[in-house]
Amino acid sequence: MWIIFGLAAIGATLLNLTVFMMEKDYKLTMAIALSLTALTLCAEYSLLNMWVESEDWAPISDVVPGMSRALWFLTIAAIFLNLLPIFLDRKRTRMMQSKK
């Protein structure tokens, strides 16, 4: 399930950036992308919880170290990419105000 949420989060992030570049309201797509990122983390945590409850230590010792780094990196990247339009929009607004 986490793969589905993760791919949807990536797609929503790309859609967010596309909507911003088209100069349309991007806030809904940003919220969807960040929500899907959160759901990806929750789904991954649920998978790990299932392995712990079944005491299946082999996948935990194999998956957790690498997946931990990947989840940190991808979450930080998702937050940055989804907030990027806000900063660019502010910069654009300041430039337009300074031209007046």
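Heads up: numbering here begins at 1 and tracks the sequence.
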Check your understanding: Pairs in or reaching into residues 18-45: which pass salt bridge (charged side-chain N to carboxylate O under 4.0 Å, His left out), with residues at least two apart or in two chains?
Key -> Asp25-Lys27
Check your understanding: Would you say Ile10 and Met21 are hydrophobically clustered, going by side-chain heavy atoms of ILVMFWY under 4.5 Å?
Key -> no
Review point. Applying the 4.5 Å side-chain criterion to the ILVMFWY set and letting contacts propagate, would Leu34 and Ile76 be lumped into a single cluster?
Key: no
Exercise for review: Could you go through the side-chain contact (heavy atoms from CB on, under 4.5 Å) check for Leu88 and Arg92 one step at a time?
Suggested key: CA-CA 6 Å; Leu88 294 175; Arg92 183 188 310 162; 5.7 Å; no
Name the atoms and distances for all side-chain donor-acceptor pairs under 3.5 Å in residues 60-75, with sequence neighbours left out.
unit_1	atom_1	unit_2	atom_2	d
Ser61	OG	Trp57	O	3.3
Ser61	OG	Ala58	O	3.0
Thr75	OG1	Leu71	O	2.7

Exercise for review: Locate the shortest heavy-atom distance separating Ala33 from Ala9; write the atom from each residue and the value.
Suggested key: O-CB, 4.1 Å
**Study point:** Rounded distance (nearest 0.5 Å) linking atom CZ of Phe20 with atom CG of Leu81
**Key:** 12.5 Å
For residues 46-54, which side-chain N or O atoms pair as donor and acceptor with protein atoms under 3.5 Å away, sequence neighbours left out?
unit_1	atom_1	unit_2	atom_2	d
Ser46	OG	Cys42	O	3.0
Asn49	ND2	Glu53	OE2	3.4
Ser54	OG	Met50	O	3.2
Ser54	OG	Trp51	O	3.2

Review point. Under a single-linkage definition using a 4.5 Å side-chain heavy-atom cutoff for Ile, Leu, Val, Met, Phe, Trp and Tyr, are Leu84 and Ile79 assigned to the same hydrophobic cluster?
Key: yes
Review point. Taking only residues at least two apart or on different chains, which pairs with a member in residues 8-21 satisfy side-chain hydrogen bond (donor to acceptor under 3.5 Å, both in side chains)?
Key: Thr13-Asn82, Asn16-Thr29, Asn16-Asn82
Check your understanding: At what distance, to the nearest 0.5 angstrom, does CG of Leu83 lie from CG of Asp89?
Key -> 12.5 Å
Study note, to complete from the structure: Apart from Leu36 itself, members of its ILVMFWY cluster (side-chain separation under 4.5 Å) are Met1, Ile4, Phe5, Leu28, Ile32, Leu39
Point to revise | Common cluster, Phe80/Phe87, ILVMFWY with side-chain heavy-atom separation under 4.5 Å | key: yes
Study note, to complete from the structure: Residues pairing under ring-ring contact (aromatic ring centres under 6.0 Å, His included) where one sits in residues 29-49, two or more places apart or in two chains, turn out to be none
